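Reading through the C-alpha cells given below for one structure.
Basis for what follows: all heavy atoms, side chains included, without hydrogens, waters or symmetry-related copies. Treat the numbers as computed from the prediction; the structure is a model and nothing was measured.
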Amino acid sequence: IYGYWGSYTNLVKISHISDMYLRQDDIENFLRYFFNNAMLFVGSNGQFWEHAHPEQYGACTAPDCGTAGWYALNFRNMLLTEDKDVLWIAKGTPRTWLKQGETIAVTDAPTAFGDLSYAILSDVDNDRITAEIDVPSREEIGQINLRLRHPDAATIRSINVTSGTGTATIAEDGETVIITGAEGQINLEVLY
C-alpha cells in the first residue's frame with residue numbers, strides 16, 4: 001500500500017518501486033508512483049530536493065542529487081527500455097499522450113542495442129496510429145515491442161508494414177506490436 005500511494009517517500013532516489021511496477025507491466029501503478037513522486041520532489045526553482053520532509057526540503061547541490069537521476073531513468077524507461085534481447089518502445093507512456101494529433105518522438109537515444117530514434121503519430125479519430133522506427137544496429141535485437149496505449153484502450157485490429165523490412169504481429173494484450181527481423185528504418189500503420 002505504501003509504495004502504491006508514494007506520497008511521503010523519504011529518499012526516492014533509492015526507491016525501486018517504479019522499476020518493479022514497470023517490469024511487472026503494471027503501467028497504471030508505474031505512472032502513479034512516478035508522477036506522484038516527481039511532483040513531490042521538484043522545487044519552485046525546477047531542481048529536485050534531496051529529501052521530501054515537510055520541515056526540511058534540502059536543496060540539491062552541485063550539480064544535482066540522485067533524485068534527478070531517478071527521475072531521468074524512470075522517464076527514459078517510460079519511453080524505451082531493454083529486457084534481455086527485447087527492446088521496448090513506449091512501454092509505460094500515459095494513454096493521453098496518444099490523443100488525436102499527438103506525437104511521441106525520441107531521437108538518438110542510447111540503448112544496449114545502439115542509438116534509437118522513433119516517432120509515433122496519433123490519428124485515433126480515424127482509427128489509426130503510425131510509427132517510424134530507426135532500428136539500432138550495434139547489437140542484435142531479438143524483437144522490438146512497440147506499446148501503443150490507445151487513449152480509449154481500444155485494441156489493435158491490424159498492422160501494415162508500410163516500408164522497411166521486418167514482420168509485425170499483435171501481442172495478446174491487444175496494444176503491443178511485436179516486430180522481428182527489422183533492420184534500418186521500419187514504418188508501420190496500426191489500425192483499430
How long is the gap from CG on Asn29 to CD on Gln24, to the nearest 0.5 Å? 9.5 Å

Starting at CG of Leu116, measure out to CG of Asp134 and round the result to the nearest 0.5 Å. 8.0 Å

Check the side chains of Asn77 and Asn74 for a donor-acceptor pair under 3.5 angstrom, ignoring hydrogens and angles. no

Side-chain contact, heavy-atom cut-off 4.5 Å: Leu87 with Thr81? no

Does one hydrophobic cluster hold both Leu73 and Leu22, with members joined at side-chain heavy-atom distances below 4.5 Å? no

Can you tell me how far the CD1 atom of Ile133 sits from the CG atom of Leu188, to the nearest 0.5 Å? 5.5 Å

Considering all heavy atoms, the nearest Thr162-Glu189 contact: CG2-CB, 4.0 Å

According to a hydrophobic-cluster definition based on side-chain heavy atoms being under 4.5 Å apart (Ile, Leu, Val, Met, Phe, Trp, Tyr only), do Val106 and Val86 belong together? no

Taking the ring centre of each residue, are Phe34 and Tyr21 less than 6.0 Å apart? no

Rounded to the nearest 0.5 Å, how far apart are OG of Ser137 and CD of Glu183? 9.0 Å

Ile120 versus Leu146, closest heavy-atom pair with distance: CD1-CD1, 3.8 Å

Do Ile17 and Phe35 belong together in a cluster built from hydrophobic side chains that touch within less than 4.5 Å? yes

Is atom CD of Glu172 surrounded by more than 12 heavy atoms (other residues, nucleotides or ligands) closer than 6.0 Å? no

For Ala112 and Glu139, the nearest pair of non-hydrogen atoms, with its separation, is O-CG, 3.4 Å

Side-chain heavy atoms under 4.5 angstrom apart, residues restricted to Ile, Leu, Val, Met, Phe, Trp, Tyr: same cluster for Leu121 and Ile129? no

Under the salt bridge (charged side-chain N to carboxylate O under 4.0 Å, His left out) rule, what do Arg76 and Glu82 come out as? Steps first, then yes or no, please. CA-CA 11 Å; Arg76 176 213 188 261; Glu82 304 92 342; 2.8 Å; yes

For the student: nearest non-hydrogen atoms of Leu31 and Gly92, plus distance: CD2-O, 3.1 Å

Does the side chain of Arg23 reach to within under 4.5 Å of the side chain of Asp83, using non-hydrogen atoms? yes

Which distance, rounded to the nearest 0.5 Å, do you find between the OG of Ser122 and the CD of Gln100? 5.5 Å

Report yes if some heavy atom in the side chain of Thr130 is under 4.5 Å from a heavy atom in the side chain of Glu132; otherwise report no. no

Does a donor on one side chain sit under 3.5 Å from an acceptor on the other, for Thr176 and Asn145? no

Among pairs that include at least one residue of residues 98-131, which meet ring-ring contact (aromatic ring centres under 6.0 Å, His included), considering only residues two or more places apart or in two chains? none

Side chain to side chain contact (heavy atoms under 4.5 Å, CB included) evaluation trace for Asn187 with Gln185: CA-CA 7 Å; Asn187 295 307; Gln185 186 179 84; 3.5 Å; yes

CD1 (Ile178) and CD1 (Ile159) are apart, to the nearest 0.5 Å, by 8.5 Å

Filter on side-chain hydrogen bond (donor to acceptor under 3.5 Å, both in side chains), then keep only pairs touching residues 84-98, sequence neighbours left out; what's left? Arg95-Glu175

Is the backbone N or O of Thr111 less than 3.5 Å from a side-chain atom of Arg138, with the two atoms forming a donor-acceptor pair by type? yes

Ser117 side-chain N/O to Thr107 backbone N/O, donor-acceptor pair under 3.5 Å: no

Going hydrophobic residue to hydrophobic residue with side-chain gaps under 4.5 angstrom, can you get from Ile186 over to Ile170? yes

Would you say the side chain of Ile104 lies within less than 4.5 Å of the side chain of Leu79, judging by non-hydrogen atoms? yes

Less than 4.0 angstrom from a charged side-chain N to a carboxylate O is my criterion; do Arg147 and Asp173 meet it? yes

May I ask you to test the Tyr192-Ile156 pair for a side-chain heavy-atom distance under 4.5 Å? yes

So which residues get pulled into Leu191's cluster when ILVMFWY side chains under 4.5 Å apart are joined, directly or through others? none

Heavy-atom closest pair, residues Val124 and His150: CG1-NE2, 3.5 Å

Give me the atom names and distance for the closest heavy-atom approach of Leu80 to Pro110. CD1-O, 4.1 Å

